[in-house]
Protein chains: 2
Amino acid sequence: MNLDDAAARLEALGNPTRLKIYRTLVRAGAEGLSVGRLQASIDIAASTLSHHLKSLVVVNLVTQTREGTTLVCQANYDIMRDLLGYMVEECCAEGSCAPVALPKVA
Amino acid sequence: MNLDDAAARLEALGNPTRLKIYRTLVRAGAEGLSVGRLQASIDIAASTLSHHLKSLVVVNLVTQTREGTTLVCQANYDIMRDLLGYMVEECCAEGSCAPVALPKVA
DNA sequence: ACGGTATTTCCAGAAATACAGAAATAGAAA
DNA sequence: TTTCTATTTCTGTATTTCTGGAAATACCGT
């Protein structure tokens with residue numbers, strides 16, 4: 001991951017509402033959560049949620065799968081892992097930190 | 001670290017210029033870098049750099065130490081470690097990921 | 001095709017951000 | 001105190017972000 005992509009993803013997560021959305025999706029596990037359920041649990045206007053979700057989808061932190069009329073959203077763990085990897089690398093550029101084990105691919 | 005603090009820090013890092021600043025400071029190691037040297041290596045207007053630095057200092061990702069007329073900035077590894085810890089916890093809330101070893105405290 | 005539910009797009013306003021030139025401040029040295 | 005360097009604050013402009021109501025679209029069941 002390059003610096004600009006990392007920054008774009010950090011920016012996407014760098015908003016309390018969006019971080020809450022992402023966290024909710026992570027907690028929902030691999031099966032994800034529909035936009036409607038997400039809205040119920042976060043309690044914001046549908047249009048606002050849609051905007052925030054788009055921001056997360058654009059940077060690939062969230063993926064969406066259509067199931068009939070409902071859209072199911074799921075956290076993209078791979079991208080998060082890559083992002084964490086990038087941050088750790090940046091943080092450890094000097095070799096001043098111990099090697100880090102990131103979460104294994106599921 | 002709570003959600004709002006994490007979001008504020010992610011937002012601070014979520015700008016290419018600021019991420020570059022932070023990365024430069026990390027690479028400079030514990031002794032840090034003066035604002036002037038930082039400006040030389042990033043090549044932006046002094047006032048712009050000052051604003052970005054303030055954003056990073058406010059959320060504690062960067063600390064500053066005065067040495068005579070120059071201000072030395074250094075990356076705050078502890079906060080970065082906490083932030084990474086928060087993200088890993090959020091990402092692994094379901095127990096779906098292996099335990100993670102974050103960089104040791106220097 | 002119609003009706004209903006789910007979600008997005010359009011629109012707008014308020015607030016925040018990014019940027020940089022110019023002026024101001026802080027500290028050291030002459 | 002004057003002067004020099006380093007850095008910040010002031011000022012202003014352009015742009016972006018956040019928010020949500022209203023209207024539009026998508027998909028399904030009947």
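Just so we're on the same page: letters track the sequence lines, and every chain starts at 1.
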Which atom of A/Leu10 lies closest to which atom of A/Met87, heavy atoms considered: CD2-SD, 3.7 Å

Shortest non-hydrogen contact from B/Ala7 toward A/Leu19: N-CD2, 3.7 Å

Phosphate-side-chain proximity, A/Lys54 and C/dT9, N/O vs OP1/OP2 below 4.0 Å: yes

Nucleotide D/dG21, atom P - distance to CD1 of A/Ile44 in whole Å: 12 Å

Among C/dT8, D/dT8, D/dG20, the one nearest A/Val35 by side-chain distance: C/dT8

Phosphate contact (D/dC18 OP1 or OP2) by A/Asn15 side-chain N/O below 4.0 Å: yes

Contacts under 3.5 angstrom, residues 31-50 of chain B side chains, donor-acceptor by atom type, not counting sequence neighbours:
unit_1  : atom_1 : unit_2  : atom_2 : d
B/Ser34 : OG     : B/Arg37 : N      : 3.1
B/Gln39 : NE2    : B/Ile44 : O      : 3.2
B/Ser41 : OG     : B/Leu38 : O      : 3.4

A/Glu67 vs A/Ser47, nearer the 5' end of DNA chain D by closest nucleotide: A/Ser47

Touch class at under 4.0 angstrom, heavy-atom based, for B/Ala45 against every strand present: sugar-phosphate

Distance, rounded to the nearest Å, where A/Leu53 contributes CG and C/dT7 contributes C1': 10 Å

Whole angstrom value for the distance that separates P of C/dT17 from CD of A/Glu11: 11 Å

Sugar-phosphate, base or nothing in reach of B/Arg18, heavy atoms under 4.0 Å: sugar-phosphate

Nearest-Å distance for atom pair CG/P, residues B/Leu56 and C/dA18: 11 Å

Smallest separation among heavy atoms of A/Tyr77 and A/Ala30, with atom names: OH-N, 4.2 Å

Contact under 4.0 Å: A/Gln64 side-chain N or O vs C/dA6 OP1/OP2: no

Length of the CD1-C1' vector between A/Ile42 and D/dT19, whole Å: 15 Å

Atom-pair distance (CG on A/Leu49; P on D/dT17), nearest Å: 18 Å

Where at least one partner belongs to residues 15-25 of chain B, residue pairs that pass salt bridge (Lys or Arg N to Asp or Glu O under 4.0 Å), sequence neighbours excluded: A/Glu90-B/Arg23

A/His51 side chain, from C-beta outward: closest of D/dG20, D/dT8, C/dT8: D/dG20

Sugar-phosphate, base or nothing in reach of B/His52, heavy atoms under 4.0 Å: sugar-phosphate

Out of C/dT7, D/dT19, D/dT11, whichever nucleotide has its closest atom nearest the side chain of A/Ser34: C/dT7

Which nucleotide in D/dT8, D/dT11, D/dT19 has an atom nearest any side-chain atom of B/Ser50: D/dT8

Value in whole Å for how far the C1' atom of D/dA6 lies from CZ of B/Arg37: 13 Å

Whole-Å distance separating the CG atom of B/Leu71 from the P atom of D/dT7: 6 Å

C/dA20 phosphate, OP1 or OP2, under 4.0 Å from B/Thr48 side-chain N/O: yes

